[in-house]
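Following: one structure in structure tokens, then a few remarks.
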Amino acid sequence: MILPLDRLRHIWNNRRSRIVISALLLGAFCGVTNLTLPLEDLFIAARTKLRHEKASGRIVIVKIDDRSLEALHDNDVNPGLDARVVDNLMRAGASEVYFNRTYPFSPRTAGAAKFIEALERYPGRVYLGAAMQTGWRKATLSRVPAREFREHAGLVSLAVASHPLNMSFSFPYTSKSTLGTVHSLAAALADRTEETEGVFRGDFALDHTTIPTISYIDVLNGRVGAKQVAGRKIVIGLTASSSEVHPLPLGEFAPSVFFHVIAAETLIGQKPIALGWIPTYLVVALMMATGIGRGRSFKPLRLAGYAVILFVSPIMLDRYGIELMVLPATVMAVYATFRARTLDKINDVSETNAASGLPSLQALRGMGERSSGLLVALKIRNYSGIIRSFEGAVEADLATEIQRRIRISEPDVAVYHEGGMFVWISNLTDIVELFENLEGLHRIVQNGIIIAGTEVDVGFNCGVDSELQNTIANRLANAMQSAEEAVRSDELVCHHDGAKGEVQWEISLLASLDRAIDNGEVWVAFQPKLDLLTNKVIGAEALARWSHPERGPISPEKFIGIAEEYHRIERITRFVLDKAVRAAASYVRDGHDFSVSVNISAQLLRNPRLPRMILEALAAHDLAPAHLILEITETDRLDRSAKTVQMMEELVAAGLRISIDDFGTGNATIDYLRYLPAAEVKIDKSFIREIDSNPGDHLLVQSIIEMAHSLGRQVVAEGVETAEALMLLRSLQCDQVQGYYVGRPVPFRDFTKHLPEKSVRTAG
């Protein structure tokens, strides 16, 4: 049954689902293409070293060794000598004799007649080899003995397939020859002549030194007894130093005759069963799919399960002749485990407040679409002042004390922290009871909080959201907005009511936005970007600012968020774009190499008018596209439709550069680098703020820089506020930085006036 399209889209939009899908595809690709076969052979060879098998003794090798050739004063034996050897072996009770050679002699060769007579004396008990010029998988055995030899002798295939790097060898049960189908030497020796097709891997756990051997010269001179050969199958093969040798997997070199006997010993007693890679792939796929959830990938029990399936099981089954290929499943498991672990770490970082150690508001947003319970946002009015009044890092101590007091009446509640805002979902269900509880909390906090041995006065206001039908993200925004309103109205608690004041205030703000743009209340500030290689300011980020005549400065997050929510962001973007391009063009005309960055909401990427709006602004002020960078903001709203990506590619094709803003927070993480055509990433200031004192932030920033550079992206660090942070980022080879230490957002006239000073200042 085909799932609905929206269900498939939902699955693909889930990053953990994408990890599972990509891991499954990677494992299947490795299995189908045999990409991991060399490593598989190496693992199988290593497993064989854990076993030590001895030869059955049913097969004896007659070695044409150096001693035999020295005694014969020749570099090979001839058919006449072979005739005497066959006679002596048969008289001693050998059941069959096999020649591990193609027997290239002509019937007119000296001694050939005697050898033919010997073959006539033992019809069907002597076998000669057949071989080919190329690999046996597709070729036909073309090197066969002369017809006179074949009339009374059998024929066996000497074909062998060497695996990559000689880590293993496979043998056919039968081979095609110019004379028809021929059983392999190994199959004939093991009496596996019922098998007509297929191949098997030799079991090189067999110690080849335990195979019984006799020197050719001893057999020729009659120094062989019935005890040595009676009832056994004999293989005559060249083992002299001049013979062709091959490396045993993870072992020494040995003549080819030993390989055929090892293959025969593999078949004796049981037929090898090769299950291939699919069984382990399916089992591991099931384990992986059920263990990709957050925090599950490195569970000891799951890792132990992987070890049993991928390592213990193959070793145990090897003893019963059952071969499992595990590398495709191993690659899949390792890929999925470490991708999931990386995602866990990124989520942990983004969902944990670095300063306090408490869960961040991002963790609250990620807990689900709906929640039961009243949502409370507590805002400390003098939070920044308290932090600044202490020399050491006291933010964790302050957060701990606030959390402890919140939990006096609700011990099990989870408290989320971001800046001066503390949020929790109350266990209380009655709004009146919650208000009374918050009043009690206020009285407790009024008594003062001891931080670093000093009593601190803490003032706070609260916002409450009770609209349980809304999503967590929506309720959180409402509660925080209500807390801000409580601060402005000097009330302890402000209860959000979507049908009344909050919405009216937002609509009022939205209605005055256009007028504010027209009368100059909204203006554009420019914050410099410093190139760490040249130590020069090479660009700036254009930022919208609103100075309200009654309310004073309005937070950009506030009015831009409202503009996005009510689909009015295009007007602000057009205004900022025009001012930014105008300023950059004037600076470029003065001979400066300068680029300006403009924030582009993810919402606008779905607007087909966007490219035209940008190109018109560039044309109006005669600025080349290369001097404009588009910073994609609100990445948590960015979808992955082909239309959105196509829009970005169209902008890049026009000569513009794309930058991923706030990298590391929300959805702006590693996954975005895989498909967004971005030339630049901006590390969010939350990771830069304490980079010189927090090892976790330092390591994360270093990893982001190295990863981005490996993918050909430039890296900009936001929020640089100290010389130490700047020096550290320079040592990490960050490309550019911006922040209060380099320069605050200012009007362009002030920006150009103080630009040289900023460059000199950062040199130290």
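Here the structure is a predicted model, which means the values were calculated and not measured.
Nearest approach of Asn599 to Thr573, heavy atoms of both residues: O-CG2, 4.2 Å. Minimum heavy-atom separation, Val701 to Ile688: CG2-CD1, 4.0 Å. Looking at every heavy atom in both residues, Ser360 comes nearest to Tyr416 through O-CD2, 3.4 Å. Ser595 and Ile629 make their closest contact through OG-CD1, 4.0 Å (heavy atoms, listed as atom of the first residue, atom of the second, distance). Contact detail for Ala584 and Leu623: the closest heavy-atom pair is CB-CD2, 3.9 Å. In terms of heavy-atom proximity, Ile386 sits nearest to Ser389 at O-OG, 2.6 Å.
Remark: Lys529 pairs with Glu680 by the salt bridge (charged side-chain N to carboxylate O under 4.0 Å, His left out) rule, at least two apart or across chains. Residues satisfying the side chain to side chain contact (heavy atoms under 4.5 Å, CB included) criterion with Leu699, sequence neighbours excluded, are Gln702, Ser703. Checked against side chain to side chain donor-acceptor pair (under 3.5 Å), His698 has no partners two or more places apart in sequence or in another chain. By the side chain to side chain donor-acceptor pair (under 3.5 Å) test, Gln714 is found to be paired with no residue, residues two or more places apart in sequence or in another chain being considered. Applying the side chain to side chain contact (heavy atoms under 4.5 Å, CB included) test to Glu724 and every residue at least two apart in sequence or in another chain returns Asp692, Thr722. Considering only residues two or more places apart in sequence or on other chains, Tyr383 meets the ring pair (Phe, Tyr, Trp, His ring centres under 6.0 Å) condition with His417. Looking at residues two or more places apart in sequence or on another chain, you find no salt bridge (charged side-chain N to carboxylate O under 4.0 Å, His left out) involving Glu690. Lys685 pairs by the salt bridge (charged side-chain N to carboxylate O under 4.0 Å, His left out) definition with nothing, not counting sequence neighbours. Applying the side chain to side chain contact (heavy atoms under 4.5 Å, CB included) rule to Ala542 yields the partners Val524, Phe526, Val576, Ala580, Val596, Val598; only residues at least two apart in sequence or on another chain are considered.
Applying the salt bridge (Lys or Arg N to Asp or Glu O under 4.0 Å) rule to pairs touching residues 613-626 yields Arg612-Glu616, sequence neighbours excluded. A salt bridge (Lys or Arg N to Asp or Glu O under 4.0 Å) check over residues 584-601, counting only residues at least two apart or in different chains, returns nothing. Applying the salt bridge (Lys or Arg N to Asp or Glu O under 4.0 Å) test to residues at least two apart or on different chains, the pairs with a partner in residues 572-588 are Glu570-Arg574, Asp578-Arg582.
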One pair to check against side chain to side chain contact (heavy atoms under 4.5 Å, CB included): Trp424 and Leu375. What are the steps and the verdict? CA-CA 6 Å; Trp424 69 95; Leu375 186 64; over 6 Å; no
Could you please spell out the steps behind the side chain to side chain contact (heavy atoms under 4.5 Å, CB included) verdict for Asp735 and His709? CA-CA 10 Å; Asp735 299 296; His709 283 171; 2.9 Å; yes
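Salt bridge absent: Glu721 and Arg689 never bring a charged side-chain N and a carboxylate O closer than 4.0 Å.
Side chain of Arg475 to backbone of Asp465: a donor-acceptor contact under 3.5 angstrom is found.
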